[in-house]
Amino acid sequence: MSLAPALRRVALVSTIAAAALSLAACSGSAASAPSADADATGAALQTVTAGKLTIATGDPDYEPWFVDNDPSNGKGFEGAVAHAVAAELGFSDTQIVWTRTGFDAAIAPGPKDWDLNIQQFSISEDRKKAVDFSSSYYTTTQAVVAAKGTPAASATSIADLKKAKVGVATGTTSYTVAKAQLGTGDLSVFNSVDDVVQALKGGQIDAMITDLPGAFYVTAAQLENASVVGQFADDKGGDQFAFVLPKNSSLTPAVTKAVDALQKDGTIAELQKKWLSEAVNVPVLK
């Protein structure tokens with residue numbers, strides 16, 4: 001019996017097998033699905049834990065930035081923004097791993113065990129030497145804190161404030177806004193924000209102007225008998241809040257792209273309105 005046909009069959013099988021291997025090497029497995037940590041361009045995101053996005057924040061965290069000290073519930077302005085950015089990157093809520101860090105530790109030089117961090121970090125050139133920042137998701141507005149029972153506490157407009165004794169710290173964005181909105185005739189100017197707080201506490205003034213995050217802190221931790229009665233619409237000169245990432249993180253472009261997309265489609269504006277105005281009853285003064 002001739003061996004030629006058998007040899008030809010072996011050669012044919014070998015050729016088919018080689019072709020199959022070559023195609024597999026070029027195209028990958030046809031059954032494989034895109035990884036869960038792929039961005040909109042399909043490029044794999046290098047995260048601390050494959051298929052997960054580790055987001056850090058402070059401990060404890062406060063309203064209106066987070067609600068119930070539970071960042072995983074997606075409530076509060078920063079909690080909602082973080083979940084929206086994660087979704088834009090391709091991560092579901094169950095793929096987010098939350099962890100806690102101190103504020104100063106987060107912006108210190110050195111390796112990190114998280115992918116991004118959110119806790120009202122203002123972008124600054126000095127901090128950029130140690131960490132990366134995404135584009136900004138929020139620019140602070142100026143707000144009015146008033147002692148309860150004073151005319152300023154029931155103010156609903158800028159005109160109402162002009163009838164009250166208002167204090168502000170010199171050399172601040174708050175002073176610039178107060179001067180433009182209220183004039184300087186009856187404005188009480190102090191050396192520092194702490195001095196303004198003490199003046200409000202002591203009854204020297206009816207209200208003070210500071211940035212909105214500072215206003216929340218004053219009413220939560222420094223003054224029991226005060227409330228945030230309103231905020232100004234103009235955010236010119238305000239601090240810009242952004243996500244912090246490890247220095248030279250490969251994720252920085254993707255997170256920036258996600259924030260920009262959410263700004264463009266109006267998502268962040270809606271979240272800002274929901275959590276920094278309506279939820280905490282801080283209307284815009286006109």
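If you read the sequence from its start, that first residue is 1, and numbering goes on from there. Note that these values count all heavy atoms, side chains included, but never hydrogens, waters or copies made by symmetry. In this text, all values refer to a predicted model and were calculated from it rather than measured experimentally.
- Going from atom CG of Asp115 over to atom CG of Leu89 covers 9.5 Å, rounded to the nearest 0.5 Å.
- At a threshold of 4.0 Å, the pair Lys75-Asp70 does not count as salt-bridged, since none of the basic side-chain nitrogens sits closer than that to a carboxylate oxygen.
- Applying the ring-ring contact (aromatic ring centres under 6.0 Å, His included) test to Phe133 and every residue at least two apart in sequence or in another chain returns nothing.
- Partners of Phe232 by ring-ring contact (aromatic ring centres under 6.0 Å, His included), not counting sequence neighbours: none found.
- How far CD of Gln263 is from CD of Gln272: 8.0 Å, rounded to the nearest 0.5 Å.
- Tracing side-chain contacts under 4.5 Å through hydrophobic residues (I, L, V, M, F, W, Y), one reaches Val81 starting from Ile96; they form part of the same cluster.
- Between the side chains of Gln46 and Ser250, no donor-acceptor pair is found at a separation under 3.5 Å.
- Legend: residues meeting side chain to side chain donor-acceptor pair (under 3.5 Å) with Asp265, ordered by chain and number and at least two apart, are Thr267.
- In this pair, Tyr137 and Phe77 present their aromatic rings tilted. The plane angle is within the 30 to 60° band.
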Check the pair Lys257, Ser135 against side chain to side chain contact (heavy atoms under 4.5 Å, CB included), reporting the backbone distance first and the verdict last.
CA-CA 8 Å; Lys257 181 179 178 182; Ser135 54; over 6 Å; no
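- Of the possible donor and acceptor atoms, none in the side chain of Thr141 sits under 3.5 Å from a partner among the backbone N and O of Gln231.
- Between the side chain of Asp206 and the backbone N or O of Thr150 there is no donor-acceptor pair closer than 3.5 Å.
- Side chain of Thr219 to main chain of Phe216: a donor-acceptor pair is present (N/O by atom type, distance under 3.5 Å, no hydrogens or angles).
- Side-chain atoms of Thr101 and Gln119 include a donor-acceptor pair closer than 3.5 Å.
- Ring-centre distance between Phe103 and Phe121: below the 6.0 Å cut-off.
- Note: Thr139 OG1 to Lys236 NZ = 13.0 Å, rounded to the nearest 0.5 Å.
- Here Leu245 contributes atom CG and Thr252 contributes atom OG1; the two are 4.0 Å apart, rounded to the nearest 0.5 Å.
- Residues Leu200 and Val196 share a single hydrophobic cluster, defined by chaining ILVMFWY side chains whose heavy atoms lie under 4.5 Å apart.
- Formation of a donor-acceptor pair under 3.5 Å by the Asp132 side chain with backbone atoms of Asn248 is found in this model.
- The existence of a salt bridge linking Glu270 and Lys273 is excluded, since no basic side-chain nitrogen approaches an acidic carboxylate oxygen closer than 4.0 Å.
- Going from atom CG of Asn117 over to atom OG1 of Thr57 covers 6.5 Å, rounded to the nearest 0.5 Å.
- How far CG of Leu285 is from CD of Gln181: 9.0 Å, rounded to the nearest 0.5 Å.
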Leu116 and Val244: CA distance, side-chain angles, deciding distance, side chain to side chain contact (heavy atoms under 4.5 Å, CB included) verdict:
CA-CA 6 Å; Leu116 51 156; Val244 162; over 6 Å; no
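- Side-chain atoms of Thr99 do not come within 3.5 Å of backbone N or O of Ala56 as any donor-acceptor pair.
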